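Quick caveat: nothing in here was measured; it's all calculated off a predicted structure. So that the names make sense, note that chain A is the first sequence line, chain B the second, and so on, each numbered from 1.
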There are 4 protein chains.
Amino acid sequence: MGSSSSPPDPSRRRESSRVAILDATLALCQEEGYASLSIEGIAARAGVGKQTIYRWWPSKGAVLLEALDRAASEAAAFPDTGDLVADMRVTLGDIAGFQADPGLGPPLAALIAEAQQDPSIAPMMLETFFGPRRAPILERLRSAQRRGEIDPELAVEPLLEVMLGALFHRLLLRSGPLDGDYVAYVVEVLFGGRAAARRTAG
Amino acid sequence: MGSSSSPPDPSRRRESSRVAILDATLALCQEEGYASLSIEGIAARAGVGKQTIYRWWPSKGAVLLEALDRAASEAAAFPDTGDLVADMRVTLGDIAGFQADPGLGPPLAALIAEAQQDPSIAPMMLETFFGPRRAPILERLRSAQRRGEIDPELAVEPLLEVMLGALFHRLLLRSGPLDGDYVAYVVEVLFGGRAAARRTAG
Amino acid sequence: MGSSSSPPDPSRRRESSRVAILDATLALCQEEGYASLSIEGIAARAGVGKQTIYRWWPSKGAVLLEALDRAASEAAAFPDTGDLVADMRVTLGDIAGFQADPGLGPPLAALIAEAQQDPSIAPMMLETFFGPRRAPILERLRSAQRRGEIDPELAVEPLLEVMLGALFHRLLLRSGPLDGDYVAYVVEVLFGGRAAARRTAG
Amino acid sequence: MGSSSSPPDPSRRRESSRVAILDATLALCQEEGYASLSIEGIAARAGVGKQTIYRWWPSKGAVLLEALDRAASEAAAFPDTGDLVADMRVTLGDIAGFQADPGLGPPLAALIAEAQQDPSIAPMMLETFFGPRRAPILERLRSAQRRGEIDPELAVEPLLEVMLGALFHRLLLRSGPLDGDYVAYVVEVLFGGRAAARRTAG
DNA sequence: TAATAAACGAGACGGTACGTCAAGTCTTCCA
DNA sequence: TGGAAGACTTGACGTACCGTCTCGTTTATTA
């Protein structure tokens with residue numbers, strides 16, 4: 001018996017097709033929306049056979065993930081001026097700007113959406129896309145702990161989840177604009193203690 | 001000439017079909033996942049014609065929204081003991097429990113996902129599903145402001161977005177468990193000021 | 001148990017609805033063709049409930065049969081001048097004229113077509129529609145036999161079938177025009193002996 | 001821009017699917033009748049996707065036409081013994097036998113019926129199905145003219161229409177059996193001059 | 001410098017679901 | 001209580017894509 005097909009040889013892969021597919025995917029997603037994105041449509045737009053897509057990507061979401069990752073390659077700013085509130089405003093502002101970009105936010109939202117249906121997407125997204133982008137922010141939070149700006153006992157990963165979750169709420173539920181005011185609000189509430197219950201006030 | 005089709009008369013609607021459709025929708029979504037949920041499948045399971053679904057709901061997502069709303073009718077707890085941190089832990093804990101429920105969380109996540117593709121879902125969801133459930137929490141936050149537990153100048157709607165966004169992050173990205181520890185963390189960070197930059201410490 | 005429904009009482013039938021249905025049926029058939037004729041469309045055009053049609057007619061074809069019968073009530077000419085060839089030319093010409101009428105031929109063809117699918121139509125058509133119209137022609141053929149114009153041993157019913165079949169060929173297969181030339185040809189070949197093999201010629 | 005879809009490439013066509021579709025079509029038509037014949041049913045019975053049918057045939061009738069043409073490929077007898085009446089009896093008898101066959105007559109009748117609703121069927125039928133089958137009969141009639149058996153001035157195409165129309169009458173209206181007696185009658189009346197008005201008798 | 005083997009474009013295939021239309025049945029309300 | 005209105009279940013329509021499977025055609029090493 002044996003397996004009927006061997007895995008493809010990456011060294012023979014045609015780079016021009018790969019790029020054409022990624023470009024077509026992002027363009028179609030931006031123009032028509034993820035809902036009407038189809039493998040057939042991508043193949044036609046890229047001038048590529050469907051099999052070439054199926055050969056190299058496991059799913060439609062994986063193609064979009066790579067396309068988005070490629071498009072978002074410009075590094076965000078991760079300043080460390082010593083002022084945590086100010087630095088976080090800049091960093092979160094960059095991320096909010098990405099999400100508010102009409103060409104990038106919707107594909108990202110679509111990808112998060114797709115992850116709900118396709119269980120292979122969520123881990124791929126966390127590792128490939130979010131992981132590398134979050135690492136410097138976690139590092140900035142840890143440096144803040146070392147300087148005593150934040151309680152050193154606090155786990156910083158969930159802190160990042162809260163910060164980004166706040167942005168996701170607006171990205172996914174469209175409950176308001178993803179602008180500087182909202183970013184400032186989130187930073188103020190988290191790092192400025194603005195919502196802190198004044199339990200010892202009395 | 002006149003319009004070719006008139007809207008259906010709700011007084012002639014058959015309640016038994018409506019309930020069968022909602023039950024079938026939620027059951028199928030729980031059993032097979034939203035990805036393989038289809039109007040055809042719902043109709044078959046409910047013993048109903050497809051047209052009956054198309055007649056009364058604009059989209060698959062709208063059916064699921066109503067089905068989920070119906071299933072989640074039991075009121076969550078909104079205590080007001082005077083201890084904001086403790087009360088928020090209870091309330092957020094209830095919501096996290098809902099999202100962690102394997103029969104309710106995935107459909108909710110699917111609905112948020114669907115809202116990314118179908119722009120009519122997001123507002124419907126905010127008004128029908130989230131709105132009524134959030135109102136008592138907002139009221140609790142305002143009562144906290146009146147008692148001086150929270151800065152009275154602070155807008156409370158975005159505060160709720162931050163709290164719920166933190167849960168959404170785990171619901172949608174599966175970055176960790178939606179348990180009491182996480183809820184306690186979020187409440188502590190927001191209302192306990194645990195992450196507050198100690199700018200005046202020196 | 002017993003049958004759940006009793007046959008309707010014809011004395012309570014509303015004549016205005018019957019006429020509206022027949023008018024709508026023929027009009028729709030002429031305007032849009034039999035293929036797109038539907039009970040729903042007839043009911044809507046006639047301002048009548050669908051049930052009213054189902055109550056009084058067994059099938060769509062039966063409605064059209066009655067509608068066509070009603071529209072074709074003007075008697076054709078059945079002369080008996082003593083000249084069989086001339087008389088048949090007039091009579092067949094009348095029938096060909098009916099079939100060539102763009103408002104009457106296509107519905108008749110559609111009815112013959114429908115009879116192929118609905119076995120109750122063919123006998124109904126022969127009795128209701130064709131029977132009364134053919135009787136005077138048969139009578140004319142018999143009078144020709146009595147006068148010695150036709151072999152008295154010959155059965156005349158099949159003779160009529162041959163004559164009308166010739167017209168049906170052009171009606172149904174559109175193999176040529178249903179005009180006076182064709183009628184003259186048919187009459188000549190049948191009653192003029194134009195195609196007769198000249199076996200005794202020598 | 002250019003047309004959005006190109007015609008399919010016949011060289012890539014799968015013959016096994018074509019045959020399965022034709023077999024399924026004729027079988028279903030014989031078993032259940034043309035009225036309940038559906039593209040869905042054919043596809044299911046043939047183990048084929050619906051698109052494969054839509055790709056290669058323009059309509060349900062066209063599929064049946066090809067199926068019937070395939071089933072009726074055995075050549076009929078076209079003798080030329082010199083005796084026109086006898087030869088025509090054989091030839092017409094063969095055709096009547098085909099039409100009287102319970103597996104072939106009804107599909108042929110259904111096709112003629114379908115041609116009334118679908119205007120593309122009639123010419124297709126005349127060219128593909130009837131044309132080749134009629135050619136040798138026309139040739140036989142012309143040879144009869146050359147021998148003086150028939151008036152050489154007579155157009156033979158309409159003569160064929162009259163002969164076959166006679167059969168169609170019985171096929172479509174079920175006014176009597178399509179047997180040898182009827183065939184003999186028709187041949188006698190046309191070529192034997194049995195119905196000829198004896199205008200010069202007196 | 002061929003030969004050769006893989007990836008490629010193209011697209012037909014068996015399927016599933018779409019959203020629409022009409023069939024015939026059943027129920028409600030009106031005159 | 002007959003009839004208009006129309007919601008209901010059923011089932012077929014023709015379309016869009018799915019993911020798989022050949023086809024010839026590049027393309028880029030290996031012989």
Do any side-chain atoms of residues 38-47 of chain D form donor-acceptor pairs under 3.5 angstrom with protein atoms, and if so which ones, sequence neighbours left out?
residue	atom	partner	partner atom	Å
D/Ser38	OG	D/Gly41	N	2.9
D/Glu40	OE2	D/Lys50	NZ	2.8
D/Arg45	NH1	D/Glu31	OE1	3.1
D/Arg45	NH2	D/Glu31	OE2	2.9

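Following rounding to the nearest Å, A/Gln117 (CD) and F/dC18 (P) show an atom-to-atom distance of 16 Å. Protein atom CZ of D/Arg55 is 16 Å distant from nucleotide atom P of F/dG14, rounded to whole Å. Following rounding to the nearest Å, B/Arg45 (CZ) and F/dT9 (P) show an atom-to-atom distance of 17 Å. Spacing between atom CZ of B/Arg18 and atom P of F/dC8 amounts to 12 Å, rounded to whole angstrom units. Atom CD in A/Glu15 sits about 15 Å away from atom P in E/dA7, given to the nearest Å. In this structure, the CD1 atom of D/Ile53 is 13 Å from the P atom of F/dT15, given to the nearest Å. When the P atom of E/dC21 is taken as reference, atom CD of C/Glu32 falls 15 Å away, rounded to whole Å.
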side-chain contact (heavy atoms from CB on, under 4.5 Å) between A/Met125 and A/Ile112, worked out:
CA-CA 8 Å; A/Met125 207 160 47; A/Ile112 297 174; 4.2 Å; yes
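Relative to the side chain of B/Asp9, the nucleotides E/dG14, E/dC8, F/dA7 differ in distance, and F/dA7 lies closest.
An OP1 or OP2 oxygen of F/dA4 is reached within less than 4.0 angstrom by a side-chain nitrogen or oxygen of C/Thr52. Residue B/Trp57 places no side-chain N or O under 4.0 Å from the OP1 or OP2 atom of E/dG19. A close approach under 4.0 Å does occur between a side-chain nitrogen or oxygen of C/Trp56 and OP1 or OP2 of F/dG3.
Counting heavy atoms from C-beta outward, C/Trp57 and C/Leu22 have side chains that approach closer than 4.5 Å. For the pair B/Arg18 and B/Trp56, the minimum side-chain heavy-atom distance is 4.5 Å or more. Taking 4.5 Å as the limit, some side-chain heavy atom of A/Gln116 sits within range of a side-chain heavy atom of B/Arg174.
Between D/Arg13 and A/Ser17, the residue whose closest nucleotide on DNA chain E is further toward the 5' end is A/Ser17.
A donor and an acceptor atom, one from each side chain of A/Gln117 and B/Tyr34, are nowhere located under 3.5 Å apart.
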At under 4.0 Å between heavy atoms, how does the protein contact nucleotides 23-31 of chain E? Give one character per nucleotide, 5' to 3', with B, S or -.
BBBB-BS--
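Looking at residues two or more places apart in sequence or on another chain, you find a side-chain hydrogen bond (donor to acceptor under 3.5 Å, both in side chains) between C/Ser120 and C/Asp118.
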